Amino acid sequence: MFADKKKNPNQVLERNIIASNTAITGDIKSEGDYRIDGSVDGTIITSGRVVIGANGNVKGIIECSNADIEGVFSGKLIVTELLSLKSSSKITGEVFINKLSVEPNAVFNATCTMKSGVKELNSDGRKKAEKTA
């Protein structure tokens with residue numbers, strides 16, 4: 001009657017929390033999720049989710065699958081899935097995303113490159129010759 005849910009032994013369920021009175025300078029790499037309520041100056045690389053809390057401040061590079069930002073981010077942000085900007089967020093720098101959600105009053109002063117699920121198809125693999133006048 002009930003299906004057995006198989007757990008993936010390779011799935012990592014870590015949650016890393018950087019508390020409000022914590023400041024980190026340097027690079028961080030993990031497979032787990034991050035919640036940042038403090039300050040980070042450096043690079044964060046994860047295959048999980050990054051949450052920057054309302055008092056969180058990150059300056060540097062973030063590479064992740066999903067991100068929820070309530071605080072301040074400055075630098076290069078690479079999100080392979082969904083970037084969600086809450087109304088209190090302030091973003092500056094370069095942003096590379098797949099999907100974007102922005103609440104009213106969020107500050108988004110960044111160059112943004114959005115990659116969607118649409119792929120360019122070339123039927124025969126050759127470039128068409130252009131005619132010029």
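Just the heavy atoms: all of them, side chains too, but no hydrogens, waters or symmetry mates, feed the values below. The structure presented is a predicted model; accordingly, all values stated were derived computationally and were not measured.
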| Is it true that I52 and V72 fall in one hydrophobic cluster, defined by side-chain heavy atoms closer than 4.5 Å? | no
| note | Hits for side chain to side chain donor-acceptor pair (under 3.5 Å) against S101, two or more places apart or cross-chain, chain-then-number order -> none
| field | Beyond-backbone contact of I18 with V40, side-chain heavy atoms, under 4.5 angstrom | value | yes
| field | Closest approach of N16 to S30 (non-hydrogen atoms, all atoms of both residues) | value | ND2-OG, 3.5 Å
| field | N66 side-chain N/O to L82 backbone N/O, donor-acceptor pair under 3.5 Å | value | yes
| field | I61 side, atom CD1; E94 side, atom CD - distance, nearest 0.5 Å | value | 9.0 Å
| field | Residue K86 excluded, over 12 heavy atoms near NZ under 6.0 Å | value | yes
| note | In terms of heavy-atom contacts, K29 and Y34 come closest through C-OH, 3.8 Å
| Is it the case that one hydrophobic cluster holds both V107 and I62, taking links as side-chain heavy atoms less than 4.5 Å apart, direct or via other members? | no
| side-chain hydrogen bond (donor to acceptor under 3.5 Å, both in side chains) contacts in which one or both residues fall within residues 52-65, not counting sequence neighbours | none
| field | Steps toward side-chain contact (heavy atoms from CB on, under 4.5 Å) verdict (I97, T113) | value | CA-CA 6 Å; I97 55 172; T113 303; over 6 Å; no
| task | May I have all residue pairs that pass salt bridge (Lys or Arg N to Asp or Glu O under 4.0 Å) and include part of residues 46-58, sequence neighbours excluded? | result | R49-D68
| message | Distance check, rounded to the nearest 0.5 Å: C64 atom SG versus E81 atom CD? | response | 10.0 Å
| query | When rounded to the nearest 0.5 angstrom, what distance separates CD1 in I28 from CD1 in I36? | reply | 6.5 Å
| field | Validation row: S89, E70 side chains within 4.5 angstrom (heavy atoms) | value | no
| field | Hydrophobic cluster (4.5 angstrom, side-chain heavy atoms) - remaining members for I17 | value | none
| said: Using only atom types and a distance under 3.5 Å, with no angle test, would you say the side chain of T46 pairs donor to acceptor with the backbone of D33? | reply: no
| Inter-residue atom distance I44.CD1 - D27.CG, 0.5 Å rounding | 9.5 Å
| field | Derivation of the side-chain contact (heavy atoms from CB on, under 4.5 Å) call for F108 and K90 | value | CA-CA 6 Å; F108 188 69; K90 294 179 181 148; over 6 Å; no
| Any link between V102 and V50 through a network of hydrophobic side chains (Ile, Leu, Val, Met, Phe, Trp, Tyr) touching at under 4.5 Å? | yes
| said: Test side-chain contact (heavy atoms from CB on, under 4.5 Å) on I91 and L85; report intermediate values, then the result. | reply: CA-CA 9 Å; I91 310 298; L85 302 179; 3.7 Å; yes
| field | Distance in Å, I69 CD1 paired with E103 CD, rounded so as to fall on 0.5 Å steps | value | 12.0 Å
| field | For S20, side chain to side chain contact (heavy atoms under 4.5 Å, CB included) partners two or more places apart | value | D37
| message | Between E31 and S47, is there a side-chain donor-acceptor contact under 3.5 Å, judged purely by atom types and distance? | response | yes
| task | State which residues pass side chain to side chain contact (heavy atoms under 4.5 Å, CB included) with S39; sequence neighbours excluded, sorted by chain then number. | result | A23
| query | Under 4.5 Å between any side-chain heavy atoms of M114 and F96, yes or no? | reply | no
| Just wondering, do T80 and N98 contact through their side chains at under 4.5 Å, heavy atoms? | no
| query | Going through the checks in order, is the side-chain contact (heavy atoms from CB on, under 4.5 Å) test met by V95 and F73? | reply | CA-CA 11 Å; V95 177; F73 175 81; 5.7 Å; no
